[in-house]
Amino acid sequence: MQIVLWKEQNTEYFFLYNSLLLHVSYINRNIYETVFLIYSFFLISFSCAQAQEQEVVVSDFCHSLTPLGRILETEDYYVWCVSPIYDEQGLVHVFYSRWPSTYGMGGWIRACEIAHAVAGCPEGPYEYVETVLAPRPGFWDATSCHNPHIQYVDGRYCLFYMGNSNGRTDTKRIGMATATSLCGPWERADEPLLETGPEGSWDDHCTTNPAFLKHPDGRYMLYYKSWNHVEYTNEQQGIRGNRKYGLALSDKPEGPYIRYEGNPVVDLSGYGNNRQVEDAYVWQQEGKFCMLMWDMGFVNHEVGLYFESENGTDWGKPQIAWWSAQEYLEEPPAPSHLKRYGRFERPQLLMKEGKPAYLFNAIQGGTYMTAFGFVFRIGEKGKE
């Protein structure tokens with residue numbers, strides 16, 4: 001088991017420490033100033049020594065990854081959120097977010113559609129088939145369709161996704177489209193699967209980034225990301241709000257979904273410094289529940305996180321699921337217009353015989369310096 005260490009340190013101490021050293025060097029002072037400076041020096045040194053140090057386990061999942069490369073590089077488009085599935089012939093179908101590059105990275109929330117492509121193997125090349133979900137004026141998904149998550153459930157294909165109606169985050173809602181074939185036709189619901197929580201609750205801002213799982217007892221589990229509206233609105237610096245994950249349960253894939261009483265089921269805010277996560281993918285393996293997420297500050301903003309649970313509601317401490325992009329591929333310097341450069345986000349798994357076979361992520365850069373998919377093969381620990 002590999003363990004890495006990360007340290008949480010208040011950098012304000014170091015700025016003050018350096019200022020004191022300069023003060024000592026350049027000004028004449030009396031005995032009182034000298035005593036004060038010595039006292040401050042030891043106080044600051046003690047505070048720095050108290051910097052929190054934590055152990056973070058590197059998961060077996062991380063050790064099993066072999067990078068295969070980028071997919072779906074499409075001129076004039078940003079590509080994100082690539083969700084894969086095998087068909088009965090062994091072809092790989094992906095449902096992915098895309099929007100015109102003229103919108104920049106921000107187009108995901110105000111000009112995004114969900115497209116369908118097919119390949120003979122996970123690393124491609126992929127052939128675009130059609131756009132399956134586009135914004136619908138006058139509906140809850142009027143300005144964006146994003147975050148596709150494809151599942152085969154009880155004899156039909158369920159395509160979960162996020163839509164919004166005003167080009168902003170406060171109308172993001174989770175919906176679903178269904179079909180008996182991966183080639184459609186797709187029938188989508190006129191209403192979202194899950195609305196926000198009551199005013200003042202942790203999840204009263206939106207419901208988004210769906211992950212779905214059928215529980216062994218027959219219930220349907222819909223995991224969703226959200227945060228508090230007032231915190232998001234009032235925060236002026238850094239990442240606004242604190243993203244957590246909740247769970248809603250239903251007797252049918254199309255709902256109605258009832259919130260789990262113990263929500264949120266994933267909450268990293270207790271670690272301090274506004275640590276949070278997003279982009280969950282959940283599956284079952286060897287009698288346990290497993291979850292992948294993109295890290296938003298537990299370790300840093302460049303790695304992925306892996307969680308385990310015995311029941312799907314009580315999740316253990318996160319482990320590292322993947323490293324930053326520089327550990328897997330050589331990239332040119334980051335261009336100024338790509339702020340998420342060098343990291344893998346939005347994990348989705350290609351399952352084979354009930355086990356994870358390939359990891360699909362989204363990453364910026366590539367041939368056109370926009371954004372595309374990326375594929376890892378998943379093998380035994382220490383082997384390709």
Side-chain angles (χ1 to χ4, degrees), residues 78-83 95-99 103-115 132-150 158-177 188-212 222-235 239-248 250 254-257 259 263-267 276-282 293-294 296 340 345-348 362 371:
Y78 279 75
V79 168
W80 209 248
C81 306
V82 184
S83 185
F95 295 85
Y96 60 99
S97 302
R98 72 172 195 172
W99 60 92
Y103 286 90
M105 190 65 194
W108 70 269
I109 200 170
R110 52 195 175 94
C112 188
E113 63 184 20
I114 295 174
V132 296
L133 298 178
R136 294 182 296 176
F139 287 86
W140 63 274
D141 51 3
T143 53
S144 186
C145 296
H146 194 59
N147 290 155
H149 175 61
I150 186 70
C158 295
L159 181 57
F160 300 89
Y161 70 104
M162 177 280 291
N164 74 342
S165 59
N166 64 356
R168 298 192 296 272
T169 60
D170 61 345
T171 60
K172 293 202 299 181
R173 301 290 185 271
I174 292 173
M176 182 177 71
R188 60 175 136 174
D190 291 341
E191 299 296 333
L193 289 181
L194 188 66
E195 283 290 349
T196 57
E199 184 178 355
S201 62
W202 74 272
D203 59 350
D204 68 352
H205 186 79
C206 62
T207 64
T208 185
N209 294 64
F212 178 86
L222 179 65
Y223 294 86
Y224 66 98
K225 182 185 79 175
S226 190
W227 59 92
N228 177 264
H229 183 75
V230 171
E231 290 179 1
Y232 178 81
T233 303
N234 292 341
E235 179 64 46
I239 300 176
R240 295 190 294 160
N242 187 277
R243 287 143 185 81
K244 305 176 177 68
Y245 256 83
L247 170 64
S250 176
E254 59 269 28
Y257 283 88
R259 281 171 166 77
N263 279 344
V265 294
V266 178
D267 178 2
Q276 50 192 292
V277 285
E278 66 177 21
D279 293 346
Y281 185 98
V282 182
M293 286 184 166
W294 168 55
M296 297 181 71
R340 300 183 178 188
E345 299 186 29
R346 194 61 185 155
Q348 298 282 289

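Predicted model only: the values in this text are computed from it and were never measured.
- Going from atom CH2 of W80 over to atom CH2 of W99 covers 7.0 Å, rounded to the nearest 0.5 Å.
- Summarising the geometry, atom CE belonging to M293 is positioned 14.0 Å from atom OH belonging to Y281; distances are rounded to the nearest 0.5 Å.
- We find the CZ-CD1 distance between F160 and I150 to be 9.0 Å, quoted to the nearest 0.5 Å.
- Checking side-chain atoms of T143 against main-chain N and O of R110 turns up no donor-acceptor pair under 3.5 Å.
- Heavy atoms only, all atoms of each residue included: A142 and P137 are closest at CB-CA, 4.0 Å.
- Taken to the nearest 0.5 Å, the CG atom of N209 stands 10.0 Å off from the OG atom of S226.
- Under the 3.5 Å distance criterion, the side-chain polar atoms of Q348 are left unmatched by any main-chain donor or acceptor of S83.
- A heavy-atom distance below 4.5 Å is not found between the side chains of R346 and Y96.
- Rounding to the nearest 0.5 Å places NZ of K244 at 4.5 Å from CG of D267.
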How far apart are the C-alpha atoms of T196 and D203, what are their side-chain angles, what is the distance that settles it, and do they pass the side chain to side chain contact (heavy atoms under 4.5 Å, CB included) test? CA-CA 6 Å; T196 57; D203 59 350; over 6 Å; no
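- Between the N263 side chain and the L247 main chain, a donor and an acceptor come within less than 3.5 Å of each other.
- The minimum heavy-atom distance between I114 and F95, with the atom names listed, is CG2-CB, 4.4 Å.
- Considering only heavy atoms from C-beta on, S165 comes within 4.5 Å of T171 through its side chain.
- Across G241 and R243, no two heavy atoms sit closer than the pair O-NH1, 3.7 Å.
- Side chain of N164 to main chain of K172: no donor-acceptor pair is present (N/O by atom type, distance under 3.5 Å, no hydrogens or angles).
- The minimum heavy-atom distance between R188 and A134, with the atom names listed, is NH2-O, 2.8 Å.
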Could you give me the CA-CA distance, side-chain angles and deciding distance for V265 and Y223, then say whether side chain to side chain contact (heavy atoms under 4.5 Å, CB included) is met? CA-CA 9 Å; V265 294; Y223 294 86; 4.3 Å; yes
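- Between the side chain of S97 and the backbone N or O of H146 there is no donor-acceptor pair closer than 3.5 Å.
- D279 CG to T208 OG1: the interatomic distance, rounded to the nearest 0.5 Å, is 9.0 Å.
- Residue H205 forms a side-chain hydrogen bond (donor to acceptor under 3.5 Å, both in side chains) with just one option from E231, K225, H229, and that option is H229.
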Applying side chain to side chain contact (heavy atoms under 4.5 Å, CB included), run through N147 and Y161 and close with a yes or a no. CA-CA 5 Å; N147 290 155; Y161 70 104; 5.5 Å; no
May I have the step-by-step check of side chain to side chain donor-acceptor pair (under 3.5 Å) for R259 and Y224, ending in yes or no? CA-CA 10 Å; R259 281 171 166 77; Y224 66 98; 3.2 Å; yes
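- Between R136 and D190, the shortest heavy-atom distance links the atoms NH1-OD1, 3.4 Å.
- Closest approach of T169 and C206 over heavy atoms only: O-CB, 3.4 Å.
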